[in-house]
Engineer: 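Starting off with a structure, shown below.
Residue numbers begin at 1 in each chain, while the letters A, B, ... track the order of the sequences.
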There are 2 protein chains.
Amino acid sequence: MLKEERHIAILNEVALHNRVLLLDLAEKLDVSIDTVRRDVKELDADNKLKKVHGGAISLGFTNKSLPNKNIYSLSEKIIIAQKAISLLKDGAVIFIDGGTTCMELARLIPEHLKLTCFTLSLTVAMELLDKENVIVIFVGGQISKEAQLAIGANAIHNLSEIKVDYGFIGTGYVDALHGLTEFDWDIVQMKKAVIKASKKTVLLSISEKLNSQHRYKSCDVNAINTMITELHPENNLLNLFRNNDIRLL
Amino acid sequence: MLKEERHIAILNEVALHNRVLLLDLAEKLDVSIDTVRRDVKELDADNKLKKVHGGAISLGFTNKSLPNKNIYSLSEKIIIAQKAISLLKDGAVIFIDGGTTCMELARLIPEHLKLTCFTLSLTVAMELLDKENVIVIFVGGQISKEAQLAIGANAIHNLSEIKVDYGFIGTGYVDALHGLTEFDWDIVQMKKAVIKASKKTVLLSISEKLNSQHRYKSCDVNAINTMITELHPENNLLNLFRNNDIRLL
DNA sequence: AAAAGTACCGCAAATTATTGCAACATTAAC
DNA sequence: GTTAATGTTGCAATAATTTGCGGTACTTTT
């Protein structure tokens, strides 16, 4: 077998599976592992793939995670944010949660829209400062370093004194049976307070989070009035959520 | 499973749920927890995520990396901030105002110093998040778009319920005769509330602001306990302030 | 203060890489 | 056609990396 043939075959495998073990390649191509190793080394030098310990990985696969600046699943989140914005009319009083999806919501609020926005999130508040027609109210309290948002008794108390038209929240995990769950106890307390402070609660979640759960529960799914994913409302993945009186968007 | 594969999988999980336990990762990836720990350590070193006790959290849009704007008279402000920091001891409870000088103070707080910091400023709060030993409490309220800090009745009321050891404030204008003055009525109200909430008030001001005034008055100069400029305390420019019982630094 | 959970260190085993070398094939030159 | 030069391949010895485990130190929680 010619070297060129092998190179093409190797690139094929990598393109197909995103990753390949040298041992598998050696077996498949029926050459020694040393040869495969040398081949992969060359291909790596030519930037055709990335050689790693024990195998090779497709460039596309690795590059995707390199630009860390980019928000994970940004395009899906933009779809979600736009659906959420379609709910809003001038004069609405809303709450915007933290998290990247809610951040997109904040970012995509149109300039002309007149809103009053409550938030617990420093970054969301910063983002909203650019919106000429948005009144921003930060619900004070101790700031969680990890989540970059206000938590604690004071924040909860402050929330207890308001009632917004829409509360847009994210969640760490969501499951039709187990409801909205989180990793952090503190965060759960905040979600509960937000839900209580909202006439209508709108959940923003990318579909990848569906059917996952963690230790602490924020609420049941039917505590949510509207659920927005990047999927079409009729999508089969949402079937489990169709039973409850949830509006799917 | 290749190491790179795991790295990508870990970043996915972190991006998806913001936070994950090492134990969960170990189970999901079917490797020992030591391996996951080492992986997370590497990813942390590469600034792909943040490793925390027991798990990892997403950098997300945490990566503030705000372009260090050209701050006017930065070197003077650094001198002032360092003098201010010399007042602080472990366990102190302080308030930090908005403005670029106070921002420098926040930025230059040493890592080891254990503080509880109240603030009205979004940017100061963001800056303080990086300080491991600083508890950050944001005094909530409506956010002024220009000043990027909380103003209004709610914020003032919140301030009325606290008493900090040191209140570090800036001012728009300062004059020995006319005291501290501002351009904005709203801001003056906040300064007053901060002074009331501080056992000792420390004014941070570059010398360029000395002997200037504007329309609304926050307080008289002798309402200030300590005044810090970039000048040596014996400098003649400070003569007018030496009369009052102000400590010059 | 005690207990549980977590992190760090060093070690040994397993896996993978590298290197030098010999065998073989291919190419080029005479 | 023969020879020398070059390139390729497989092998073996050695080096490096990776991984899980045990012990210990450190954190957090109770």
Side-chain angles (χ1 to χ4, degrees), chain A residues 1-11 13-14 17-58 62 142 144-147 151-153 182-189 214-216, chain B residues 1-11 13-14 17-46 48-58 90-91 111-112 114 116 131-135:
Chain A
M1 193 173 208
L2 292 174
K3 192 161 73 157
E4 277 305 312
E5 278 181 83
R6 286 200 314 272
H7 282 196
I8 291 168
I10 289 171
L11 288 175
E13 281 298 301
V14 169
H17 297 114
N18 284 328
R19 59 127 226 187
V20 172
L21 299 182
L22 296 188
L23 217 58
D24 291 347
L25 283 176
E27 192 178 338
K28 186 145 195 156
L29 303 177
D30 196 30
V31 291
S32 80
I33 190 156
D34 300 71
T35 302
V36 171
R37 211 190 304 282
R38 276 183 278 238
D39 286 341
V40 168
K41 209 167 171 181
E42 284 182 44
L43 290 168
D44 182 43
D46 288 351
N47 269 313
K48 300 283 182 57
L49 48 70
K50 186 178 178 196
K51 182 183 185 313
V52 298
H53 195 93
I57 287 191
S58 147
T62 56
Q142 183 171 342
S144 155
K145 291 201 162 51
E146 289 155 10
I151 58 172
E182 294 287 341
F183 181 93
D184 285 301
W185 177 251
D186 288 334
I187 301 298
V188 164
Q189 305 315 310
H214 219 278
R215 40 161 92 125
Y216 303 124
Chain B
M1 191 173 208
L2 295 171
K3 192 167 71 159
E4 305 293 324
E5 246 183 311
R6 286 198 314 271
H7 283 195
I8 291 166
I10 290 171
L11 288 175
E13 280 298 301
V14 169
H17 293 125
N18 293 326
R19 180 170 185 173
V20 287
L21 290 179
L22 298 188
L23 216 58
D24 288 349
L25 286 174
E27 193 179 339
K28 185 145 193 156
L29 303 176
D30 196 30
V31 290
S32 80
I33 190 161
D34 298 74
T35 302
V36 170
R37 186 172 288 119
R38 276 183 277 235
D39 284 340
V40 168
K41 210 167 167 182
E42 281 182 46
L43 290 168
D44 183 38
D46 289 351
K48 301 281 183 60
L49 49 71
K50 186 176 176 201
K51 184 180 183 314
V52 296
H53 196 87
I57 61 176
S58 157
D90 272 352
E111 283 300 323
H112 61 82
K114 295 187 192 358
T116 300
K131 311 291 178 182
E132 206 58 44
N133 293 306
V134 174
I135 296 167

Engineer: Counting the atoms with a prime plus P, OP1 and OP2 as sugar-phosphate, which does A:V52 contact under 4.0 Å by heavy atoms, base, sugar-phosphate, or nothing?
Structural biologist: sugar-phosphate
Engineer: Give the intermediate values and the outcome of side-chain contact (heavy atoms from CB on, under 4.5 Å) for residues B:I57 and B:V14.
Structural biologist: CA-CA 6 Å; B:I57 61 176; B:V14 169; 5.8 Å; no
Engineer: Would you kindly give the CG-to-P distance between A:L29 and D:dG10, to the nearest whole Å?
Structural biologist: 11 Å
Engineer: For the pair made of CG in B:L21 and C1' in C:dA7, what is the distance, rounded to whole Å?
Structural biologist: 15 Å
Engineer: Could you tell me how far apart B:L22 (CG) and C:dA4 (C1') are, to the nearest whole angstrom?
Structural biologist: 16 Å
Engineer: Which residue is it: B:V40, B:D39, B:I33? I am looking for the one with a side chain to side chain contact (heavy atoms under 4.5 Å, CB included) to B:R37.
Structural biologist: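 Exactly one candidate clears the test, B:I33.
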Engineer: CD of B:E4 versus P of D:dT17: gap in Å, rounded?
Structural biologist: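 Roughly 14 Å, once rounded to whole Å.
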Engineer: Just the rounded figure in Å: distance from P of D:dG10 to CD of A:E27.
Structural biologist: 14 Å
Engineer: Report all interatomic pairs (protein N or O, nucleotide N or O of nucleotides 21-30 of chain D) with separations under 3.5 Å.
Structural biologist:
from   : atom 1 : to    : atom 2 : distance (Å)
D:dC21 : N4     : B:D34 : OD2    : 3.3

Engineer: Nearest to the side chain of B:K51, heavy atoms from C-beta on, is which of D:dT8, D:dT19, C:dC8?
Structural biologist: C:dC8
Engineer: Does one side chain, of A:H214 or B:D24, offer a donor that lies under 3.5 Å from an acceptor on the other?
Structural biologist: yes
Engineer: Would you say that B:D90 contacts B:N133 through its side chain, given a criterion of any heavy-atom pair below 4.5 Å between the two side chains?
Structural biologist: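 Side chain of B:D90 against side chain of B:N133, heavy atoms only: no contact under 4.5 Å found.
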Engineer: Test your reading of the model: is there a side-chain donor-acceptor pair from A:D186 to the backbone of A:G152, 3.5 Å cut-off?
Structural biologist: no
Engineer: What's A:I33 touching, base or sugar-phosphate or nothing? Going by heavy atoms closer than 4.0 Å.
Structural biologist: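 The residue A:I33 makes no contact with any strand.
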Engineer: How close or far is atom C1' of C:dC9 from atom CZ of B:R37, stated in whole angstroms?
Structural biologist: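 B:R37 atom CZ is separated from C:dC9 atom C1' by 12 Å.
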Engineer: Who passes side-chain hydrogen bond (donor to acceptor under 3.5 Å, both in side chains) against B:K3, sequence neighbours left out?
Structural biologist: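 With sequence neighbours excluded, B:K3 shows a side-chain hydrogen bond (donor to acceptor under 3.5 Å, both in side chains) to B:E42, given in chain and number order.
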Engineer: From the options D:dT8, C:dA7, D:dG10, select the nucleotide whose nearest atom is closest to the side chain of A:V31.
Structural biologist: D:dG10
Engineer: What is the separation between atom CD on A:E42 and atom C1' on D:dT9, rounded to the nearest whole Å?
Structural biologist: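 Between C1' of D:dT9 and CD of A:E42: 13 Å.
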Engineer: Quick one: is A:R6 getting a side-chain N or O under 4.0 Å of the D:dT8 phosphate, OP1 or OP2?
Structural biologist: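 So the side-chain polar atoms of A:R6 never come under 4.0 Å of the phosphate oxygens OP1 or OP2 of D:dT8.
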Engineer: Between A:K28 and A:E13, does any NZ, NE, NH1 or NH2 come within less than 4.0 Å of an OD or OE carboxylate oxygen?
Structural biologist: yes
Engineer: Can you measure A:L2 atom CG to D:dT8 atom C1' for me and round it to whole angstrom units?
Structural biologist: 11 Å
